Amino acid sequence: MAGNSQRRNRRTSNKKGAQVGSGGQRRRGLEGKGPTPPAEDRKKHKKNRIATHKAKQAAIRRPAPRRGGAKGTSEMVVGRNPVFEALRDGVPATTLYVQQYIDNDERVREALQLAGARGNINLMEAPRPELDRMTNGLNHQGLVLQVPPYQYAEPQDLSGAAYDAGQDPLIVALDGVTDPRNLGAIVRSVSAFGGHGVVVPERRAAGMTAGAWKSSAGTAARTPVSRVTNLTRALEGFKKEGITVVGLAADGEHKVEDLEALGGPVVIVIGSEGKGLGRLVGETCDYRVRIAMPGGAESLNAGVAAGIVLYEVARRRA
């Protein structure tokens with residue numbers, strides 16, 4: 001009997017009794033963690049990214065003027081129709097050379113009127129041999145338009161302008177796109193969907209020529225283009241700023257419509273229509289996305305592909 005009593009006492013003593021002060025602990029648990037911190041102090045919030053970037057820029061104390069990068073080369077547009085179209089489409093120009101004793105047809109008159117209306121284009125009359133020399137013997141038809149070198153921006157100017165405007169950067173980088181018309185079309189799409197600029201490599205890529213200006217339909221005047229010696233290094237620089245790099249590839253692991261990262265600060269990398277992204281550029285990307293094409297086409301024009309991805313980014317940000 002005594003042994004049974006001891007076992008009952010042990011079982012009774014093992015029961016957990018009320019803890020002193022437990023009611024106070026529960027009350028403290030109901031008090032919460034205080035007010036929600038402001039957006040600037042919350043990690044991963046857009047305002048926090050903007051505030052962090054501005055703080056870094058202030059610490060560096062480096063001015064970031066736009067269009068502060070390298071210059072392109074000057075260019076000549078020759079022929080009556082090309083000169084007229086360049087003037088009509090707003091291609092920058094410094095001088096219009098007109099051949100002496102030229103047949104004053106309708107295209108010549110329209111070109112002269114457009115140049116005169118701008119007010120900042122010099123009109124110069126020159127003998128035919130001089131125009132032949134300037135154009136290396138091309139069929140200029142008596143009209144030659146001098147296009148000034150394009151002033152490229154620095155890569156960090158593009159992201160800096162976005163943060164200064166209180167926005168997440170949206171930048172397009174081109175890898176191996178050699179057609180100036182594609183470049184101009186992409187500049188136009190970047191402008192249409194609220195992007196902050198385009199990055200192109202110096203070698204084996206289109207630059208901002210008169211043809212690119214024409215294809216941009218005037219948007220090149222307000223959408224900066226940066227030209228870099230090493231595209232991979234430029235993308236790494238963007239990643240250090242906290243910007244996600246997304247490459248467009250036919251065999252991408254993610255669908256464009258499924259990638260949440262497109263809603264934040266992003267650089268979209270577009271490759272050439274034939275070769276796609278280069279190996280090093282592809283390896284530098286944080287994500288690779290693909291565009292579903294139920295019609296069975298193998299690839300899309302670079303300008304069309306850029307427009308699709310930019311639309312998806314704009315849709316997520318709306």
Side-chain angles (χ1 to χ4, degrees), residues 65-154 157-158 161 174 177-192 195-198 200 202 205-227 303:
R66 291 184 63 169
R67 306 295 173 94
K71 286 186 178 182
T73 56
S74 60
E75 185 182 359
M76 296 285 188
V77 178
V78 303
R80 297 186 183 188
N81 280 332
V83 167
F84 165 76
E85 292 170 359
L87 290 168
R88 180 196 61 192
D89 296 336
V91 174
T94 55
T95 306
L96 174 61
Y97 295 93
V98 184
Q99 181 182 316
Q100 290 177 339
Y101 314 117
I102 190 174
D103 294 334
N104 195 9
D105 65 5
E106 183 179 1
R107 269 290 179 261
V108 173
R109 289 193 296 271
E110 289 173 335
L112 290 171
Q113 289 172 357
L114 288 170
R118 285 209 200 172
N120 60 350
I121 299 178
N122 299 316
L123 296 177
M124 301 287 292
E125 192 176 44
R128 182 181 181 90
E130 178 63 16
L131 296 183
D132 291 342
R133 184 194 63 80
M134 289 172 56
T135 61
N136 292 322
L138 295 176
N139 184 22
H140 51 74
Q141 299 176 309
L143 287 184
V144 177
L145 187 67
Q146 176 78 52
V147 177
Y150 181 80
Q151 182 71 59
Y152 291 97
E154 294 288 351
D157 294 343
L158 309 185
L174 306 182
V177 175
T178 57
D179 189 339
R181 293 170 297 181
N182 269 339
L183 172 57
I186 291 169
V187 169
R188 186 176 184 178
S189 294
V190 169
S191 177
H196 301 99
V198 178
V200 298
E202 284 185 0
M208 283 305 298
T209 63
W213 268 96
K214 288 173 60 178
S215 296
S216 77
T219 58
R222 58 180 181 271
T223 303
V225 176
S226 173
R227 201 174 197 180

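Owing to the predicted nature of the structure, the values given are computational and were not obtained by experimental measurement.
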Checklist outcome for this item: Sorted by chain and residue number, the salt bridge (Lys or Arg N to Asp or Glu O under 4.0 Å) partners of Arg109 (sequence neighbours excluded) come out as none

Compare all side-chain heavy atoms of [X] with those of [Y] and state whether any distance is below 4.5 angstrom.
X: Leu183; Y: Ser215; value: no
X: Pro148; Y: Ser74; value: no
X: Val108; Y: Asp105; value: yes

Separation between [atom1] of [X] and [atom2] of [Y], rounded to the nearest 0.5 Å:
X: Gln99; Y: Arg128; atom1: CD; atom2: CZ; result: 5.0 Å
X: Thr219; Y: Ile186; atom1: OG1; atom2: CD1; result: 11.5 Å
X: Tyr150; Y: Met208; atom1: OH; atom2: CE; result: 5.0 Å
X: Leu112; Y: Asn104; atom1: CG; atom2: CG; result: 7.0 Å

Testing the basics here: between [X] and [Y], what is the closest heavy-atom pair and its distance to 0.1 Å?
X: Ala210; Y: Val91; result: O-CG2, 3.9 Å
X: Ala205; Y: Arg227; result: O-NH2, 4.5 Å
X: Ser189; Y: Gly303; result: OG-O, 4.5 Å
X: Trp213; Y: Ala221; result: CZ3-N, 3.6 Å
X: His196; Y: Pro224; result: O-CG, 3.6 Å
X: Thr135; Y: Leu131; result: OG1-O, 2.8 Å

Next on the checklist: Taking side-chain hydrogen bond (donor to acceptor under 3.5 Å, both in side chains) as the definition, give me every residue that meets it alongside Glu75, ordered by chain and number, with sequence neighbours left out.
Outcome noted: none

Checklist entry - side-chain hydrogen bond (donor to acceptor under 3.5 Å, both in side chains) with Glu130: which residues, sequence neighbours excluded? => result Arg133

Checklist entry - Run the side chain to side chain contact (heavy atoms under 4.5 Å, CB included) check on Leu158 and Ser226 step by step: do they pass? => result CA-CA 8 Å; Leu158 309 185; Ser226 173; 4.2 Å; yes

Item to check | salt bridge (Lys or Arg N to Asp or Glu O under 4.0 Å) pairs, two or more places apart, involving residues 114-123 | outcome: none

Donor-acceptor contacts, no H, no angles, side chain residues 138-146, under 3.5 Å, sequence neighbours left out:
from	atom 1	to	atom 2	distance (Å)
His140	ND1	Gly142	N	2.9
His140	NE2	Asp132	OD1	2.7
Gln141	OE1	Arg80	N	2.9

Just list the side-chain donor-acceptor pairs under 3.5 Å for residues 81-89, sequence neighbours left out, or say none.
from	atom 1	to	atom 2	distance (Å)
Asn81	OD1	Arg107	NE	2.7
Glu85	OE1	Lys214	NZ	3.1

